[in-house]
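Being a predicted model, the structure only gives us computed values, none of them experimental. Worth knowing before you read on, the calculation uses all heavy atoms, side chains too, and leaves out hydrogens, waters and symmetry mates.
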Amino acid sequence: MTAHSDHPITTPPRAPSPVHGFGTLAVHAGSPHDPSTGAVIEAISLSTTFEQTAVGKPVGEFEYSRSSNPNRRNFEVMVAALEHAKYALAFSSGSATTATILQSLAAGSHVISVSDVYGGTHRYFTQVAKAHGVKVTFTPEIEVDIREHITEATKLVWIETPSNPTLRLVDIRAVVSQAHEHGILVVVDNTFLSPYVQNPLDHGADIVVHSVTKYINGHSDVVMGVAAFNSEELLKRLTFLQNAIGAIPSAFDSWLAHRGAKTLHLRAREATTNATQVAHALEASPHVIAVNYPGLDSHPHRAIALKQHRNGMGGGMLSFRIRGGHAAAERFCQLTKIFTLAESLGGVESLVEVPSSMTHAGIPKDQREAVGVFDDLVRISCGVEDADDLTKDVLQALELAVAESAKLGNGSNGVTNGTNGY
């Protein structure tokens, strides 16, 4: 179709190229020294309100902490710098970030999304957005068939790259080129890679979102989200909603996330090193059906990784299909000694889970399997422990799980819970 062809949009100009490298920005962006004490680390501003010298004339730039807070503002400045954005807005969770962006769309709007999207995003699209009149179409090959799904009502394209949990990659520029012809904005969920490995705005995306809970914070002690972009129009729309809806992070969470992000480059590099070694070991194992990891040459979208990711890095996330069905997958997660069976990802500690029964249980089985989320799929988040220890742990658990499954006759029973963590 040629919907919106009379109203194409131009990719907003990106922020000026940073003078300093990523590590320097991570440590110093949004981190001014205290002018009165010289403290190199910012104080936590817990005040909910700020003095005004006259009616409507606050002492500084802050009036009320839902609208803006010093710690949240500093965190947003830092994320904007790391994502090569002019602006960033923080929210109380990654899900709240998604909800706020979708809330900016009028009733009757249409969204195109990749099929293998995070279970919580799928839940929001199919159950919440639908309730306020926003329709979402899912497609497994968005670069190929995006034009088939565009209608007069299409306002947004939603991408995860890599996707969760099958680690499929999307060529951001290819999608942006088609969407912008029709006046459609493109949002990229960059949670799986972090700003260190990939910067979607550099490839033409309009908005990049993160569950800050994951790599940006990196220590499994904050629930938070963020969106970054270059458009002043988006700044006005999303700032209004941030304040009006009020799904904002606390000052303490903002402070913690900012502190965590100062070591993002170190953690992301180590996680990639670890995941690469674990992925190679799994790929060589006779107990594994297939490995999904963008850092492997065998990955079907390896060329995209080389183009979009810093130094072709694969990131710290991978998934694999284990021989022995769901029973073996579940047992594997119980037999690891260093990897913890838990939802979430991107922390300093390594985690393991079974998406079909945990993070993606809310998605109907036929839809899950259509995009590769089988009952025997195991998802791994590699932390920053020693790579050799992680590899040994995975291989011993794999050996035992498959052997036990064979004795039990390859059972496939599993508990189906609601979609919770990422």
Side-chain angles (χ1 to χ4, degrees), residues 12 15-16 25-106 132 187 195 206-213 216-217 221-262:
L25 291 172
V27 172
H28 294 288
S31 300
H33 295 174
D34 187 279
S36 58
T37 68
V40 298
I41 299 299
E42 65 175 326
I44 303 172
S45 178
L46 296 177
S47 183
T48 58
T49 191
F50 301 84
E51 182 185 4
Q52 301 192 17
T53 57
V55 176
K57 294 184 179 180
V59 171
E61 61 181 284
F62 304 103
E63 298 180 27
Y64 186 63
S65 270
R66 186 187 70 245
S67 303
S68 188
N69 168 277
N71 298 109
R72 191 170 91 223
R73 188 271 318 274
N74 287 340
F75 173 77
E76 291 169 342
V77 168
M78 182 270 301
V79 171
L82 299 186
E83 277 290 14
H84 304 164
K86 290 181 180 178
Y87 315 107
L89 296 174
F91 299 88
S92 54
S93 68
S95 295
T97 310
T98 299
T100 302
I101 292 171
L102 268 290
Q103 190 70 40
S104 72
L105 302 179
H132 65 82
V187 180
D206 298 284
I207 305 174
V208 55
V209 300
H210 291 270
S211 171
V212 172
T213 312
I216 290 179
N217 176 61
D221 52 12
V222 167
V223 173
M224 205 165 142
V226 72
F229 43 87
N230 287 315
S231 164
E232 291 187 17
E233 180 185 350
L234 283 172
L235 177 66
K236 293 176 183 176
R237 287 163 56 192
L238 297 180
T239 299
F240 172 80
L241 290 171
Q242 182 194 45
N243 182 55
I245 296 172
I248 49 95
S250 70
F252 184 51
D253 281 354
S254 298
W255 185 90
L256 278 174
H258 196 171
R259 184 195 63 166
K262 291 177 186 289

Given side chains that start at C-beta, do those of [X] and [Y] come closer than 4.5 Å, heavy atoms only?
X: V226; Y: F75; value: yes
X: L25; Y: V27; value: no
X: F229; Y: K86; value: no
X: E232; Y: Y87; value: yes
X: P195; Y: H84; value: no
X: L82; Y: V79; value: no

For the atom pair CD1 (I207) and CG (L234), what is the distance rounded to the nearest 0.5 Å?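 Here the interatomic distance stands at 4.5 Å.
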Mind checking the CD1-CD spacing from I245 to Q103? Nearest 0.5 Å is all I need.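 Rounded to the nearest 0.5 Å, the CD1-CD separation comes out at 5.0 Å.
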Which pair of heavy atoms, one from [X] and one from [Y], lies closest together, and at what distance?
X: G30; Y: N74; value: O-CB, 3.1 Å
X: S67; Y: N243; value: OG-OD1, 2.8 Å
X: P58; Y: E63; value: CG-CG, 3.7 Å
X: Q242; Y: A90; value: NE2-O, 2.8 Å

Which residues satisfy the side-chain contact (heavy atoms from CB on, under 4.5 Å) test with A39, sequence neighbours excluded?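 In terms of side-chain contact (heavy atoms from CB on, under 4.5 Å), with neighbours along the sequence ignored, A39 is linked to D34, T37.
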Tell me which pairs pass side-chain hydrogen bond (donor to acceptor under 3.5 Å, both in side chains) where either residue lies in residues 88-99, with sequence neighbours left out.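 Every candidate side-chain hydrogen bond (donor to acceptor under 3.5 Å, both in side chains) pair involving residues 88-99 fails, so no pair, neighbours aside, qualifies.
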Pairs flagged by side-chain hydrogen bond (donor to acceptor under 3.5 Å, both in side chains) wherever residues 49-62 is involved - sequence neighbours left out: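 side-chain hydrogen bond (donor to acceptor under 3.5 Å, both in side chains) check on residues 49-62 returns E61-R73.
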Could you tell me if H210 and E83 have a donor-acceptor pair between their side chains, going purely by distance under 3.5 Å?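 The answer is yes; a qualifying pair exists.
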Taking only residues two or more places apart in sequence or in another chain, which ones pass side chain to side chain donor-acceptor pair (under 3.5 Å) with T48?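 Partners of T48 by the side chain to side chain donor-acceptor pair (under 3.5 Å) criterion come out as none, since no residue qualifies.
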For R66, enumerate each residue passing the salt bridge (Lys or Arg N to Asp or Glu O under 4.0 Å) test, keeping only those at least two apart in sequence or located in another chain.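 Checked R66 against salt bridge (Lys or Arg N to Asp or Glu O under 4.0 Å); zero matches.
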Would a distance-only check, ignoring hydrogens and angles, find a side-chain to backbone donor-acceptor pair under 3.5 Å from [X] to [Y]?
X: S104; Y: I101; answer: yes
X: N71; Y: A43; answer: yes
X: R259; Y: S254; answer: no

List in chain and number order the residues that pass ring-ring contact (aromatic ring centres under 6.0 Å, His included) with F50, two or more places apart in sequence or in another chain; answer none if no residue qualifies.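 Applying ring-ring contact (aromatic ring centres under 6.0 Å, His included) to F50 gives F62.
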